[in-house]
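Notes to accompany the following structure.
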Amino acid sequence: MKVLFASSEMYPYSKSGGLGDVAHSLPLALREVCEIIPITPLYRFIDRKKFGLHSLGSVYTLKMGSKTYCYELFQVKESDTLFVYNDILCETEALYGYDNDGLRFGLFSRMVAEIAKKMQVDIVHLNDWHTALTALFLKSESIKTVLTIHNLAYQGVFNRKVLKKLAIDKKYFTMENLEFYGKANFLKAGIAYSEKITTVSPSYAKEILTVRFGCGLDGFLTKHRRKLTGILNGIDTVCFDPEHDRALYANFSADHVGKKAANKKAYYKNLGVKSSKKPLFIFIGRLVEQKGISVIAASLKDLSAEPLEFVMLGEGEAKTEKKLSELSDKYGNIHYLKGYDEALSRQLYAAADFLLMPSLFEPCGLNQMIAARYGAVPIVHATGGLKDSVFEEKKKCIRGIVFESYSKKSCLHAVRRALALYGNKKACLKMAEFDMQCDVSFRKSAKAYMKLYKEMTA
Ligand code: ADP
């Protein structure tokens with residue numbers, strides 16, 4: 001079986017969050033069981049020399065309406081991954097956030113469809129709105145499509161004028177297709193035309209059918225619910241491995257979890273914290289409401305009175321960054337680090353005793369899995385993939401502290417429970433050790449995806 005796996009971002013070439021991670025690690029796991037060809041844009045900021053990217057030789061053309069667009073395919077040595085270069089799609093400083101994003105990713109989706117036909121693949125696996133239109137472009141072909149929704153909050157909604165540029169017939173601009181409050185919704189096209197829809201956890205698959213989490217598409221998804229399943233993500237456990245991670249001050253494994261402490265000590269020294277007795281709590285993520293940022297901001301005053309250090313790493317809206325910076329200046333044990341820093345995030349996971357993840361909603365979440373792997377016990381709000389991956393009971397993977405209601409009170413209560421756990425050194429270490437041994441790899445999920453691919457082609 002031949003599968004083309006399309007994503008707008010792919011670690012280590014490009015990444016803005018979990019989608020980039022998954023687009024790297026899921027194909028890696030699927031490679032064991034089928035022929036899988038990942039495909040992603042070759043943005044200008046990807047270092048061609050560093051990755052050894054080379055052109056496959058031909059320049060292809062795509063006629064859409066009155067315009068002709070050119071694209072070229074690239075590859076990295078000894079890898080199946082395909083890179084698409086087209087100037088409109090790729091000549092940007094960042095991944096997203098441009099006025100012509102609709103055209104950029106509409107073009108990418110169209111190119112993916114063309115390449116799928118040329119390569120005669122059986123299945124195209126689409127990810128989020130950026131590639132969702134491919135399902136519409138392939139609707140009359142024998143190639144099957146599956147769309148994975150990584151976050152329903154992002155749907156790719158644009159002025160309908162973009163449809164003309166993409167040569168999409170007016171007849172598709174209806175409520176049953178991609179019309180959404182007078183605009184064009186790319187994700188809706190993917191939902192309507194894909195054979196299967198998956199989302200990244202079983203709980204989120206249920207939540208998106210409700211008004212509360214459906215982001216305006218709950219009704220539409222309910223109509224297509226027969227196609228929908230939830231498959232929990234995993235992480236690349238080779239890439240995230242505290243035993244070999246070069247970014248760490250000291251490497252450690254579940255057998256020697258005590259060695260983890262050297263990372264905290266080194267980090268505290270950097271931070272100017274003298275004694276490493278106090279527990280380290282961390283938050284890593286985009287500073288958006290989804291990640292529970294207002295609950296965190298509201299809790300900082302109380303947290304400043306607790307015997308802990310709290311480090312937040314992330315970037316987001318300027319006003320949120322400013323607020324966190326001010327509060328971090330005000331309270332000695334609260335530290336806000338602005339920015340996106342892969343190595344620092346790994347050092348933090350390794351140094352931390354606890355990861356705080358009070359997300360309002362969370363399709364899957366990877367941080368709790370990375371934290372578990374690095375022996376930082378997750379404290380999570382019971383929603384979506386957090387609910388499906390972190391448990392208080394002993395047997396299930398991952399063990400952590402789970403709170404039910406999305407509020408400052410519940411979040412603080414959970415932090416205080418973590419402090420009590422930290423007071424019992426042996427129990428705390430045991431939990432970290434247990435978490436480090438949990439299977440958070442993509443193995444189980446890859447099997448579930450393979451089953452789905454087989455159903456689609458049966
Ligand atoms: P998202 O909703 O942002 O996709 P996920 O939990 O699925 O959230 O994935 C987030 C990924 O991005 C994780 O690998 C996390 O460590 C990483 N990440 C998020 N923010 C930062 C940051 N500021 N610096 C480094 N890594 C980050």
- line: Across all chains, not counting sequence neighbours, the salt bridge (Lys or Arg N to Asp or Glu O under 4.0 Å) partners of Glu455 are Lys196
query: Glu91: what forms a salt bridge (Lys or Arg N to Asp or Glu O under 4.0 Å) with it, not counting sequence neighbours?
result: Arg44
Candidates [options] - the one meeting side-chain contact (heavy atoms from CB on, under 4.5 Å) with [X]:
X      : options                        : result
Leu386 : Pro363, Ser359, Pro358, Cys364 : Ser359
Asn367 : Ile284, Val380, Ile235, Leu356 : Ile284
Asn233 : Thr148, Val440, Val200         : Val200
Met312 : Leu300, Leu327, Leu337         : Leu300

In this structure, are over 12 heavy atoms from other groups packed under 6.0 Å from [X] atom [atom1]?
X      : atom1 : result
Lys183 : NZ    : no
Asp99  : CG    : no
Lys447 : NZ    : no
Lys206 : NZ    : no
Glu393 : CD    : yes
Lys2   : NZ    : yes

Is the backbone of [Y] close enough, under 3.5 Å, to the side chain of [X] for a donor and an acceptor to pair up by distance?
X      : Y      : result
Thr81  : Pro38  : no
Asn127 : Ser7   : no
Asn86  : Leu89  : yes
Lys227 : Ser194 : yes
Glu195 : Thr145 : yes
Glu207 : Gly384 : yes
Ser201 : Gly385 : yes
Asp435 : Gly375 : no
Glu309 : Lys278 : no
Asp236 : Ser25  : no

- prompt: Which pairs count as ring pair (Phe, Tyr, Trp, His ring centres under 6.0 Å) when at least one residue sits in residues 241-262, sequence neighbours excluded?
  reply: none
Which residues satisfy the side chain to side chain contact (heavy atoms under 4.5 Å, CB included) test with [X], sequence neighbours excluded?
X      : result
Glu433 : Val257, Gln437
Asp218 : Val211
Lys15  : Glu9, Tyr11, Asp21, Tyr340, Glu342
Tyr60  : Ser58, Tyr71, Leu73, Lys118

Please round to the nearest 0.5 Å and tell me the distance separating atom [atom1] of [X] and atom [atom2] of [Y].
X      : Y      : atom1 : atom2 : value
Leu419 : Leu303 : CG    : CG    : 9.0 Å
Phe5   : Leu26  : CZ    : CG    : 4.5 Å
Phe361 : Tyr406 : CZ    : OH    : 10.0 Å
Leu56  : His54  : CG    : NE2   : 5.5 Å
Leu42  : Leu82  : CG    : CG    : 11.5 Å
Met456 : Ile143 : CE    : CD1   : 11.0 Å

task: Among residues two or more places apart or on two chains, list those pairs meeting side chain to side chain donor-acceptor pair (under 3.5 Å) that have a residue in residues 129-138.
output: Ser8-His130
statement: For Ala446 and Leu30 the tightest heavy-atom approach is O-CD2, 3.6 Å
field: Option from Tyr98, Phe180, Phe186 for which ring-ring contact (aromatic ring centres under 6.0 Å, His included) with Phe158 holds
entry: Phe186
Quick test of your reading: applying salt bridge (charged side-chain N to carboxylate O under 4.0 Å, His left out), list the pairs with at least one residue in [range], sequence neighbours left out, ordered by first then second residue.
range            : value
residues 80-90   : none
residues 25-43   : none
residues 243-260 : Asp245-Arg346
residues 350-375 : Asp241-Arg373, Lys264-Asp353, Lys291-Glu362

query: Please walk me through it: do Tyr449 and Phe442 pass ring pair (Phe, Tyr, Trp, His ring centres under 6.0 Å)?
result: CA-CA 10 Å; Tyr449 278 110; Phe442 247 114; 7.3 Å; no
task: For the pair Tyr13 and Phe83, evaluate ring pair (Phe, Tyr, Trp, His ring centres under 6.0 Å) and give the outcome as yes or no after the intermediate values.
output: CA-CA 10 Å; Tyr13 314 104; Phe83 295 82; 4.8 Å; yes
task: Go through the side-chain N and O atoms of Ser410 and Glu404 and say whether any donor and acceptor fall under 3.5 Å apart.
output: no
field: Check: Asn151/Gln290 side-chain N/O donor and acceptor closer than 3.5 Å
entry: yes
query: Which residue, Glu315, Glu321, Glu317, forms the salt bridge (charged side-chain N to carboxylate O under 4.0 Å, His left out) with Lys338?
result: Glu321
- prompt: Within 45° of the ring axis of Tyr85 and under 6.0 Å from its six-membered ring centre, is that where the NZ or CZ of Arg48 lies?
  reply: yes
Non-hydrogen side-chain atoms of Tyr268 and Leu280 separated by less than 4.5 Å: yes
query: Should the pair Tyr453 and His125 be assigned to parallel (<30°), tilted (30 to 60°) or perpendicular (>60°) ring geometry?
result: perpendicular
- prompt: Taking it one step at a time, do Phe310 and Phe281 satisfy ring pair (Phe, Tyr, Trp, His ring centres under 6.0 Å)?
  reply: CA-CA 5 Å; Phe310 183 37; Phe281 288 68; 7.1 Å; no
